[in-house]
*Asks:* 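Quick one: this structure, given as structure tokens, is what I'll be asking you about.
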Amino acid sequence: MRETLRPLLPLLRRYRRAYILGTVCIILSLWLKLQIPRYFWGALNDLRDLELGQSEFALEDAGGLIRTAAFWILASALLSGPIRTASRILVLGNSRKLSRDLLEVIFARLLKLAPSFYERNPTGQLMSRCINDREYVRGLGGAVYMYMAETFLMYALTVPLMFTIDVQLTLIAIAPYPLFLYLARRIALKIQVTAGAAQASLGDISEKVDESLSGQLIIKTLTLEEFDLGRFRERCAEFKRLNLRTTRLRALLIGTMMGLGGLSTILVLGIGGERVATGAMSLGDFGVMLTYLTMLAVPTRTLGFVISSLRRGTAAFERLREIIDSKVSLKQESDSLGDGIGAAALRVSGLTVIYAPLSEQPHLTGSIPLEHIGGDSDVSRTVLDNVNFEVPAGTTLAIVGHTGSGKTTIARVLARMLEVDPGMVFIDGQDITSLPIDELRSATGYVPQDAFLFGETLHDNVALGSPDAGRSDVFEALTGAQLAVDLDQLPSGMDTMIGERGVNLSGGQRQRTALARVLLLSPKLLILDDTLSAVDTHTSDAILEHLRPFAKDRTTILIAHRLSSICHADNIVVLEEGRVLESGTHAELLASQGWYASTWSWQEQSRVESDVAAQLEAELNADFEASQKPKEDM
Amino acid sequence: MKRLWQFVSPYQRWLWISLGLLVLTSALGLVQPMLIRFAIDDYLMKGEMAGFGWILGGVAIAVLGELAGRALQAYTLDLAGQNALLDLRLEVFSHLQRLSARFYDRNPIGKLIGRVTTDIESLGEMFASGVVTILGDLLNLIAILSILFWLDWQLTLVALCSVPVLLVTTMWTRVRVRRAYEKMISKRSQLNAYLHEQASGMSLVQGFRRERRTKRKFDEINESLCESQLESVNWESILSALTEMLSSVTMALILWYGGGQALEALSLRASGLPSTTGGVAAGMTLGTLVAFLQYMERFFGPLTELSMKYTVMQNAMTASDRVFRLLDNDDKMPESPTPFQGPKTAGHIRFNNVVFGYDEANPVLKGVTFEVRPGEKVAFVGATGAGKTTILKLLTRLYEVSSGSIEIDGINVKDYGLKDLRSRVGIVQQDVFLFAGNIIDNIHLGHPEIDDAAARAAADELHLDVVVSRFPGGYHEPVRERGKGLSSGERQLISFARVLALKPAVLALDEATSSVDSRMEDLLQQAVGRVMKDRTSLIIAHRLSTIRDVDRILVMHKGELVEQGSHSDLLAKKGFYWKLYRLQYSPAN
Ligand SMILES: Nc1ncnc2c1ncn2[C@@H]1O[C@H](COP(=O)(O)OP(=O)(O)OP(=O)(O)O)[C@@H](O)[C@H]1O
Ligand SMILES: Nc1ncnc2c1ncn2[C@@H]1O[C@H](COP(=O)(O)OP(=O)(O)OP(=O)(O)O)[C@@H](O)[C@H]1O
Ligand SMILES: [Mg+2]
Ligand SMILES: [Mg+2]
């Protein structure tokens with residue numbers, strides 16, 4: 001446990017002064033509190049002596065004595081009030097700050113983790129860790145620390161006091177402790193495991209809620225509500241089961257600790273009582289002993305709570321450490337001696353991408369391991385196999401191929417969203433893994449196949465990578481992506497809030513927003529991954545029209561299924577199951593009569609399907625020459 | 001509170017058992033000081049030891065009983081609590097499922113996740129240290145007070161001097177604590193939402209080098225959350241320290257007053273005079289004083305805890321407020337109380353002058369009228385943002401038309417049960433969404449009428465087997481969150497297959513093959529042709545090759561239906577469609 005919690009220390013150390021001060025306050029207030037029984041029982045002892053006629057005091061003096069005792073009690077009470085407040089504010093406040101700092105650390109780490117980490121780990125799980133697990137860790141720096149300090153200090157202060165009264169009786173009183181503490185430790189270890197499982201289960205719930213709410217449209221249209229609720233119920237039931245088990249263990253632990261307190265009291269009552277009766281011990285001393293034990297009973301009971309919270313917090317922190325310790329960031333030579341990225345000439349030689357088995361990819365432990373779903377088929381998978389091509393600076397390369405052939409994988413490698421071994425991809429002659437990631441990314445404009453938009457305004461989404469861009473620049477980019485014509489359909493034009501993931505936009509609008517982003521960035525290396533799939537042909541032609549001059553002096557990678565949109569590329573690579581099947585220019589590929597040629601003719605042929613169309617063919621051609629561009633916008 | 005009860009009441013048995021145990025353990029706890037008083041006054045003071053063992057035994061039994069009772073009590077309480085929480089969680093979840101699409105347009109999911117997890121968790125704390133325990137504490141307090149009064153009512157009155165002070169301060173801080181918690185919870189929601197969004201879009205954050213700005217914004221929210229928490233910490237600390245202080249003050253009072261009384265009694269007895277102040281002072285013995293002291297400990301113990309629990313309660317109350325406010329949200333699609341219950345038939349669709357806008361000011365559909373006859377295959381084409389997807393959303397009543405009406409088989413869609421309606425129309429949506437699990441699960445999706453074999457048959461029909469055979473796990477290949485780890489085309493194929501497996505009366509394809517290669521697309525079309533033979537299908541596509549085989553084409557333009565007819569008719573018209581067609585197949589130059 002100590003090992004697990006170690007990384008927490010640097011964070012705690014920041015508030016060292018406050019913790020020390022807080023602890024001092026705790027000591028002070030405890031010390032004051034401990035004075036009370038002394039005075040009280042001192043006074044009572046005197047009373048008893050008086051009653052038994054053993055006192056040398058006169059009755060009148062006794063009144064004064066009691067009053068003095070009461071005065072001291074009052075004084076220490078008044079004094080301890082502010083001190084206690086201070087100790088609580090210091091320690092509990094610290095725990096809030098600790099929790100804030102912890103989240104900062106986690107988030108900083110999250111920002112550094114490579115995209116593959118997010119591909120492997122569900123967002124809902126991450127969130128649950130950041131929010132729910134952190135709550136328990138916060139307890140460690142606050143309530144648990146405070147109670148622990150109070151409990152131990154209470155013991156540290158009380159037990160010596162007890163010793164000064166009666167060594168033997170004290171020894172008897174603390175005799176049961178070792179056994180009980182051993183028992184407590186056993187239970188505590190179980191609590192840690194169960195609590196960890198319960199936290200994991202809460203993470204599963206959060207993951208499920210995330211999934212269900214994100215998929216609401218599908219769930220509604222396919223009427224999957226019941227099915228989905230069923231899955232959710234399963235996870236909740238599991239969570240309940242684990243929670244109840246934790247409660248059982250906690251009850252057991254707290255019971256054990258209470259039993260400990262009770263046992264001590266009975267021992268002292270029995271043995272001490274006998275001594276008082278035989279006169280071997282004064283009633284006052286006996287009373288003080290008894291009171292001290294009573295005072296210890298509460299911290300002892302709290303000890304049960306402290307131990308179980310400590311374990312629960314440790315379990316939670318273990319889960320947070322999985323994030324903090326994740327090392328899934330991309331390799332980066334910090335002091336690159338390269339000349340930076342110039343014209344962005346690309347060379348890919350022997351590019352091979354192998355996905356490790358799911359169970360071997362770094363992942364957070366959940367209670368439903370993904371790899372089990374796949375059973376024994378969880379093996380590594382080669383998705384790119386020795387791919388070679390070259391893109392001279394300023395030229396355009398098109399990548400085509402069947403579904404799942406590995407096009408997107410290449411794009412992700414080039415945009416450094418996917419780690420590759422050194423010696424496979426070179427930009428301007430420099431190995432991509434040796435270039436500073438920041439520099440590479442600022443030179444690259446990658447439009448992923450699935451447009452992700454943030455729940456901000458359209459303007460902010462387009463200006464994502466260029467915060468200094470003016471409104472007119474943004475508008476220009478929107479025009480380039482043919483989105484400017486849609487602005488009047490949006491309630492507040494560029495300032496429309498487009499909803500989470502862009503739900504308030506149509507599919508094509510989302511895709512064009514993602515494109516506009518990159519146009520605004522004006523990168524040296526442009527990667528467009530099937531960016532026009534959700535856009536109608538009229539608009540897509542207009543975009544391509546705009547892209548042609550834009551891409552002129554940029555190195556461009558185009559990925560598409562519609563061959564007509566990429567046939568102008570300087571070079572075309574055809575992929576099949578992760579290997580290069582053929583490559584060349586449009587004309588070369590047509591001549592070689594391979595996959596490309598047949599797909600091209602298949603796509604072309606569909607236009608002469610109907611007779612009428614065939615008739616119109618000639619007419620169309622003539623027309624096209626006549627009116628280069630449609631005047632009406634569509 | 002009352003609403004919470006509604007969830008707890010099915011498990012009230014456990015609650016009552018727990019309360020009973022609580023009373024029992026409290027009684028056992030309360031007996032202990034009495035026994036000790038007895039031991040001191042009757043045995044130790046008198047030096048008599050015979051029978052002392054019995055008392056000791058009594059104390060031991062009381063201690064053991066209290067201990068066992070408490071453990072059991074905590075468990076039964078949690079049994080009731082966890083069961084109630086489970087029900088509440090399920091209720092919130094299914095309520096969320098009933099909320100309309102419009103609700104999801106407006107509410108970030110990150111916030112809602114917090115409602116179902118964290119907020120309900122704080123409600124759980126309320127159970128653990130709340131309701132029953134507080135009730136028990138109150139009972140305990142009352143019992144102690146009664147005993148104290150019985151022991152010595154004057155002394156009790158003196159001891160109680162401090163209680164009003166406590167009450168007043170509690171009242172005073174109450175409002176403040178609550179306000180702090182409200183602020184805290186809303187900040188936490190904000191944090192959740194931001195975290196969720198940024199984590200989901202992390203590759204963009206990194207790709208566009210937004211790390212620093214994102215971090216700054218995040219830290220800002222985090223900081224303000226922390227501030228609101230610190231505020232509540234201050235109030236909590238003051239409250240709990242005050243309670244403890246008052247407990248010590250009370251001790252002083254007891255000693256002052258009680259000690260004086262005892263002295264007086266003593267001096268009276270010493271002088272052999274009959275008591276002048278009545279039995280009270282005379283009855284004041286050391287044992288009583290000790291018992292009194294122990295009772296006071298037991299009195300202030302729960303009181304201190306009460307003040308701590310009180311803040312937990314505040315937290316829980318604020319959280320439950322949020323949860324119940326969500327449950328009160330009535331943004332649901334209204335359902336007809338007497339839904340139409342006819343058989344699933346032909347699939348005859350009619351839109352009558354449908355007007356619709358996502359917000360009132362911006363109509364997206366401006367009076368759309370069309371009819372699709374049973375078994376007909378109709379295509380919708382038009383520029384992006386023209387309103388094609390919107391038509392399908394209205395057809396399944398994800399949104400409600402502003403005016404006009406939509407009929408399926410002559411019945412207004414409003415008169416169908418929502419689920420019935422949606423099971424009649426199978427939509428392959430433009431936005432692909434897969435569930436975590438495996439591929440075959442994603443196809444049958446728990447539909448009872450589709451088993452693994454049927455799902456596999458549907459998938460094979462679509463030639464999904466070609467694609468799936470590339471995966472090491474085949475149809476059991478794991479699918480991650482939203483289908484990450486599959487290519488876009490693969491995802492689209494799976495989401496296509498699961499709708500086709502349902503064999504709906506009406507099939508609607510919204511750009512269902514946009515990310516699929518053209519050969520696959522051809523195979524899909526043939527498959528759809530086979531499966532949907534004689535059934536109605538609506539096809540939205542940008543690639544005209546996708547819609548070669550349809551009977552009729554409807555051309556949408558800026559929310560209006562501008563042309564319709566067969567492929568050749570439309571070409572001959574030389575209108576919008578002609579232009580689209582010409583552009584797409586203009587000779588490559
Ligand atoms: N993280 C991953 N882990 C394992 N396999 C993956 C992962 N990402 C992609 N794959 C697999 O790699 C193959 C290539 O995927 P990729 O996305 O590159 O295909 P694609 O050519 O872009 O296809 P599409 O045309 O459908 O977009 C697919 O079969 C896919 O299932
Ligand atoms: N949830 C929503 N909230 C607000 N506005 C929306 C919402 N969904 C769509 N819109 C707007 O309604 C209009 C029509 O959108 P719709 O999705 O129907 O277009 P579409 O014809 O399907 O386009 P595409 O071909 O790009 O998918 C668009 O201007 C879009 O911005
Ligand atoms: Mg792809
Ligand atoms: Mg659409």
Side-chain angles (χ1 to χ4, degrees), chain A residues 59 66 70 73-74 77 81 84-85 88-89 92-93 96 100 111 115 118-119 122-123 206 209 213 215-216 218 221 223 225 227 240 247 251 255 258-259 262 266 270 276-277 370 373-374 377 379 402-404 449 452 464-465 486 500 506-508 533 536-537 561 606-607 609 612 620 624 634, chain B residues 44 47 49 56 60 63 67 71 74-75 78 82 86 97 104 108-109 113 116-117 199-203 208 211 226 229 233 237 241 245 248-249 252 255-256 259 267 383-385 396 419 422 427 430 433 438 446 472-473 478 481 484 487-490 514 517 542 545 548 568 582 584-586:
Chain A
L59 210 52
I66 288 177
I73 293 176
L74 199 64
R84 273 199 81 72
T85 310
R88 282 184 156 260
I89 288 182
L92 294 182
R96 298 287 181 179
R100 174 198 62 195
L111 284 172
Y118 293 92
E119 221 167 73
T123 317
S206 152
V209 178
L213 300 186
Q216 267 308 304
I218 299 285
T221 46
T223 60
E225 285 92 346
F227 165 66
K240 182 186 96 173
T247 307
M258 273 174 69
I266 293 172
V276 174
L370 193 58
I373 299 169
S377 62
V379 294
H402 63 80
T403 292
Q449 201 164 8
F452 184 96
L464 187 71
D486 291 47
E500 194 170 34
S506 85
S533 65
D536 65 281
T537 39
H561 285 298
S606 58
R607 73 180 158 135
E609 255 327 73
V612 187
L620 281 171
F624 186 77
M634 272 198 55
Chain B
L44 299 184
M49 283 314 281
L56 260 180
V63 166
L67 181 158
Y75 181 65
D78 205 44
Q82 290 292 336
L86 175 65
Q97 285 190 327
Y104 289 96
I109 290 163
I113 297 177
V116 187
T117 56
S200 309
M202 190 55 80
S203 66
F208 286 86
E211 289 100 333
C226 184
Q229 286 172 329
V233 164
S237 305
M245 192 168 97
S248 301
V249 169
L255 188 61
W256 195 297
S267 63
T384 104
T396 44
K419 287 196 176 163
R422 288 170 185 168
I427 301 188
Q430 192 170 14
F433 188 93
N438 63 29
E481 183 188 30
K484 288 172 188 167
S487 88
S488 306
E490 289 161 353
S514 63
D517 65 72
H542 287 309
S545 58
R548 277 174 309 168
S568 20
R582 187 188 60 182
Q584 186 159 7
Y585 294 109
S586 59

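Protein chains get the first letters and strands the later ones, always in sequence-line order, with residue 1 at the start of each. Side-chain atoms are counted along with the backbone in the values below, which use heavy atoms only and exclude waters and symmetry mates.
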*Asks:* Between B/Met202 and A/Leu111, is the side chain to side chain contact (heavy atoms under 4.5 Å, CB included) condition met? List the steps.
*Replies:* CA-CA 7 Å; B/Met202 190 55 80; A/Leu111 284 172; 3.8 Å; yes
*Asks:* Determine whether a donor-acceptor pair (N or O, by modelled atom type, separation under 3.5 Å) exists between the side chain of A/Gln216 and the backbone of B/Tyr104.
*Replies:*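 Answer holds: no.
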*Asks:* Is there a donor-acceptor contact under 3.5 Å from the side chain of A/Glu225 to the main chain of B/Gln97?
*Replies:* no
*Asks:* Among A/Gly259, A/Gly262, A/Ser533, A/Pro115, which residue has the highest count of heavy-atom pairs closer than 4.5 Å to chain B?
*Replies:* A/Ser533
*Asks:* Please report the closest heavy-atom contact between B/Ala74 and A/Thr247, naming both atoms and the distance.
*Replies:*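 That would be O-CG2, 4.1 Å.
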*Asks:* Determine the minimum heavy-atom distance between A/Glu500 and B/Pro108, stating which atoms define it.
*Replies:*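 Shortest heavy-atom separation between A/Glu500 and B/Pro108 comes out as OE1-CA, 3.5 Å.
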*Asks:* Any idea which heavy atoms bring A/Gly255 and B/Leu67 closest together, and the distance?
*Replies:*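 For A/Gly255 versus B/Leu67, the nearest heavy atoms are O-CG, 3.4 Å.
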*Asks:* Is a side-chain donor or acceptor of B/Asp517 paired with a backbone partner of A/Thr403 at a separation under 3.5 angstrom?
*Replies:*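 At least one qualifying donor-acceptor pair exists.
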*Asks:* Under 4.5 Å heavy-atom distance to chain B, tell me which part of A/Ser506 shows up: side chain, backbone, both or neither.
*Replies:*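 Side chain of A/Ser506 only, per the 4.5 Å heavy-atom cut-off to chain B.
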*Asks:* Nearest heavy-atom pair of B/Ala60 and A/Ile266: which atoms, and what distance?
*Replies:* CA-CD1, 3.1 Å
*Asks:* Identify which of A/Ile218, A/Thr223, A/Leu92 forms the greatest number of heavy-atom pairs closer than 4.5 Å to chain B.
*Replies:* A/Ile218
*Asks:* Taking every non-hydrogen pair under 4.5 Å, which of B/Cys226, B/Gly489, B/Ser487 racks up the most with chain A?
*Replies:* B/Cys226
*Asks:* Tell me every residue that passes ring pair (Phe, Tyr, Trp, His ring centres under 6.0 Å) with A/Tyr118, counting only those two or more places apart in sequence or in another chain.
*Replies:* none
*Asks:* Taking the side chain as every heavy atom from C-beta outward, state whether A/Asp486 and B/Thr384 have any pair of such atoms under 4.5 Å apart.
*Replies:* yes
*Asks:* Which of the residues B/Ile427, B/Val116, B/Thr396 is involved in the greatest number of heavy-atom pairs with chain A at under 4.5 angstrom?
*Replies:*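 The candidate making the most pairs under 4.5 Å is B/Val116.
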*Asks:* Measure A/Glu119 against the heavy atoms of chain B and call it side chain, backbone, both or neither at under 4.5 Å.
*Replies:*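 Contact with chain B: backbone and side chain both.
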*Asks:* Restricting to non-hydrogen atoms, name the atom on B/Phe208 and the atom on A/Gly465 that form the minimum distance, rounded to 0.1 Å.
*Replies:* CD2-CA, 3.6 Å
*Asks:* Name the region of B/Leu86, side chain, backbone, both or neither, that has any atom closer than 4.5 Å to a heavy atom of chain A.
*Replies:* side chain
